[in-house]
Amino acid sequence: MEDFHSTFVVCQHWLRMHQSVLFVVCSCFLLSKAQTVGASCPLVMTPSSVVVEYGDAFTVECNSTSDQREGMGWESDYGGTGLIEEDHVQLNIKKVDRWAIRSQCFTNLINGTQCSKHLPITVYKMPDSVMLHENTTQPLVEQQEYGFECAVANVAPVKKVVVTWFKDNMSIVKECLTIEESNEEPGNCTSVFTLSAQKTDNGGKLRCEAKFDFGPMGPNLQPSRSPGVDLQVLFQPFFEKSDVEMVEVPANGKLTLDCTAQGNPTPQYRWQVPQPTQKVESGPILDLKGPFPGTYNCTAANSQGSSIKQFVITDAPRDYTVLAAVIGVTAALGVLLLISGPFIVTKDGTFSLNKGGYSAGQACKPV
Ligand SMILES: *[C@@H]1O[C@H](CO)[C@@H](O)[C@H](O)[C@H]1NC(C)=O
Ligand SMILES: *[C@@H]1O[C@H](CO)[C@@H](O)[C@H](O)[C@H]1NC(C)=O
Ligand SMILES: *[C@@H]1O[C@H](CO)[C@@H](O)[C@H](O)[C@H]1NC(C)=O
């Protein structure tokens with residue numbers, strides 16, 4: 001008696017200390033037992049698992065593959081069929097109104113053993129809304145980081161939800177996290193996306209999508225999309241082509257310099273030109289007539305900073321055939337002037353070409 005008592009006390013003490021260990025051991029034992037029973041249990045369910053929308057109906061067929069059978073049946077949270085002497089039995093739920101449904105098909109064998117197979121059932125509900133929240137006010141500033149939150153409301157099962165973020169051609173899949181303890185009932189979850197703002201993001205769109213990941217065997221349901229958020233990113237002006245452009249003066253002596261820069265807000269332009277160039281300025285465009293060689297500088301500036309572009313203007317290399325022609329014409333003209341000079345210039349120095357007798361003296365003196 002004494003012995004038994006002390007053993008009992010020790011055992012009680014051990015139990016208190018190792019309760020959790022014992023529980024784990026026990027559940028492992030049960031699990032492995034259930035698995036071996038399930039594996040050898042001569043039952044086949046079609047389909048072998050169910051994913052059903054809350055409010056919908058579903059049916060599952062359970063077939064016995066053994067003739068050593070006394071009977072079989074279904075047990076579920078919606079009641080049981082009892083023992084039926086058939087080789088198949090159907091579970092028929094007209095309207096799912098529970099978030100968790102336990103269900104199993106069982107069979108009694110002639111040798112007195114009973115075995116069962118559990119039917120995995122997932123009840124889902126599409127989210128009420130998927131919203132994209134900005135944790136900041138736009139516009140964003142280049143190179144800075146911003147958090148965006150995708151909030152998925154009233155969805156079940158929360159732990160099967162994944163969120164995909166879309167920005168232009170990029171997409172990233174993320175977990176949807178919950179604050180509340182996640183169970184089968186509808187709940188909220190959120191995914192956070194950190195954007196390191198780039199100038200290429202300006203004018204782009206960000207959005208998120210929530211969908212269920214039921215695995216390869218599960219249904220592939222349409223994702224729920226959030227409205228898009230237009231991104232505005234402020235950035236320093238920059239030039240798409242090079243910052244230094246080499247330009248040759250064309251034959252006609254007219255030149256247009258284009259200093260257009262990309263920037264947000266729209267850049268303001270300031271030109272620095274070598275003296276004494278005649279310039280006609282209109283924002284990023286500079287029209288030059290008879291430009292002088294030299295370095296022309298253009299500054300594009302906005303609230304985020306400025307960038308300078310240089311146009312190095314050089315004389316075009318001489319085209320000698322043109323030059324020769326010019327010299328030839330000038331020489332010919334000179335000879336012509338020399339020969340015709342005495343005939344067209346009168347003694348008092350006025351031109352006599354005008355047939356109306358017009359003279360310089362008359363034109364200059366008041367009448
Ligand atoms: C009863 O029969 C089944 C299937 O034939 C077998 O797996 C199980 O081990 C048997 N049980 C007993 C107690 O004989
Ligand atoms: C879930 O989200 C909805 C919509 O954002 C909100 O109204 C509701 O309070 C949230 N529920 C919980 C439990 O946070
Ligand atoms: C443009 O900038 C270059 C380099 O800073 C400088 O040498 C040049 O004088 C500038 N041109 C004018 C017209 O100010």
Side-chain angles (χ1 to χ4, degrees), residues 22-127 154-162 173 175-176 181-187 210-224:
L22 195 70
F23 175 74
V24 170
V25 169
C26 277
S27 50
C28 280
F29 173 70
L30 283 175
L31 210 67
S32 64
K33 196 169 174 229
Q35 264 171 0
T36 53
V37 165
S40 67
C41 192
L43 296 171
V44 172
M45 289 187 287
T46 321
S48 59
S49 66
V50 171
V51 178
V52 61
E53 186 162 16
Y54 188 86
D56 276 4
F58 72 92
T59 51
V60 177
E61 190 89 2
C62 184
N63 284 278
S64 170
T65 56
S66 167
D67 50 4
Q68 306 291 299
R69 174 190 68 241
E70 276 190 342
M72 61 186 298
W74 276 104
E75 272 169 8
S76 81
D77 287 321
Y78 287 92
T81 57
L83 198 65
I84 291 171
E85 289 183 24
E86 296 246 12
D87 66 350
H88 69 278
V89 60
Q90 208 177 49
L91 174 69
N92 199 340
I93 308 293
K94 295 271 186 296
K95 189 178 199 300
V96 171
D97 57 0
R98 291 164 174 270
W99 296 104
I101 305 170
R102 283 164 302 173
S103 178
Q104 60 181 12
C105 182
F106 68 90
T107 183
N108 287 3
L109 300 174
I110 291 167
N111 67 10
T113 53
Q114 186 185 57
C115 71
S116 63
K117 271 192 177 175
H118 162 76
L119 173 69
I121 302 172
T122 306
V123 180
Y124 73 86
K125 181 197 164 294
M126 298 300 275
N154 206 19
V155 66
V158 177
K159 54 176 171 282
K160 294 284 184 193
V161 177
V162 290
V173 180
E175 230 181 318
C176 200
E181 203 179 313
S182 144
N183 52 23
E184 286 87 356
E185 288 183 23
K211 65 178 270 187
F212 291 112
D213 182 7
F214 291 126
M217 302 300 284
N220 200 2
L221 304 172
Q222 277 296 104
S224 308

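Residue numbers run from 1 in the order of the sequence given.
Here the straight-line distance linking atom OG1 of Thr46 with atom CD of Glu61 works out to 7.0 Å at 0.5 Å rounding. Rounding to the nearest 0.5 angstrom, the gap separating the CE atom in Met72 from the SG atom in Cys105 is 4.0 Å. Here CG of Leu109 is found 5.5 Å from CG of Asn111. Values are rounded to the nearest 0.5 Å. Once rounded to the nearest 0.5 Å, the distance linking CD1 of Ile101 with OG of Ser76 reads 7.5 Å. With values rounded to the nearest 0.5 angstrom, His88 atom NE2 is found 13.5 Å from Leu43 atom CG. Atom-to-atom distance recorded for Leu83:CG and Glu70:CD is 7.5 Å, nearest 0.5 angstrom.
When all heavy atoms of Thr107 and Cys41 are compared, the closest pair comes out as CG2-SG, 4.1 Å. Here the shortest heavy-atom pairing between Ser116 and Gln104 reads OG-OE1, 3.4 Å. Scanning both residues, Gly73 and Thr81, for their nearest heavy atoms gives CA-OG1, 3.2 Å. Shortest non-hydrogen contact noted between Thr122 and Pro157 is CG2-CG, 3.8 Å. For the pair Glu53 and Met126, the tightest heavy-atom approach, listed with the atom from each and the gap, is OE2-CG, 4.0 Å. Residues Lys125 and Phe212 approach most closely at O-CZ, 3.3 Å, considering heavy atoms.
Taking the six-membered ring where the residue is Trp, Tyr54 and Trp99 present parallel rings, their angle staying beneath 30° rather than reaching 60°.
With Lys117 contributing its side chain and Met45 its backbone, the two residues share no donor-acceptor pair below 3.5 Å. Here the side chain of Trp74 pairs a donor or acceptor atom with the backbone of Val89 at under 3.5 angstrom.
Residues Asp97 and Tyr78 have side chains that bring a donor and an acceptor to within less than 3.5 angstrom of each other. Side-chain atoms of Arg69 and Ser64 include a donor-acceptor pair closer than 3.5 Å.
Inter-residue side-chain proximity for Ile121 and Ser49 is flagged as unmet; no heavy-atom pair is nearer than 4.5 Å. At a threshold of 4.5 Å between non-hydrogen side-chain atoms, the residues Pro47 and Val60 count as touching.
Within 6.0 Å of the CD atom in Glu175, the count of heavy atoms belonging to other residues, nucleotides or ligands does not exceed 12. Within 6.0 Å of the NZ atom in Lys160, the count of heavy atoms belonging to other residues, nucleotides or ligands does not exceed 12. For Asn220, the CG atom sits in a loose shell: 12 or fewer heavy atoms of surrounding residues, nucleotides or ligands are nearer than 6.0 Å.
In summary, Asp77 and Arg102 engage in a salt bridge, as defined by a charged side-chain N under 4.0 Å from a carboxylate O.
Paired with Thr59 under the rule side chain to side chain contact (heavy atoms under 4.5 Å, CB included), one option of Asn92, Ile93, Leu91 passes, and it is Asn92.
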Working for side chain to side chain contact (heavy atoms under 4.5 Å, CB included), residues Leu221 and Phe214 = CA-CA 9 Å; Leu221 304 172; Phe214 291 126; 3.9 Å; yes
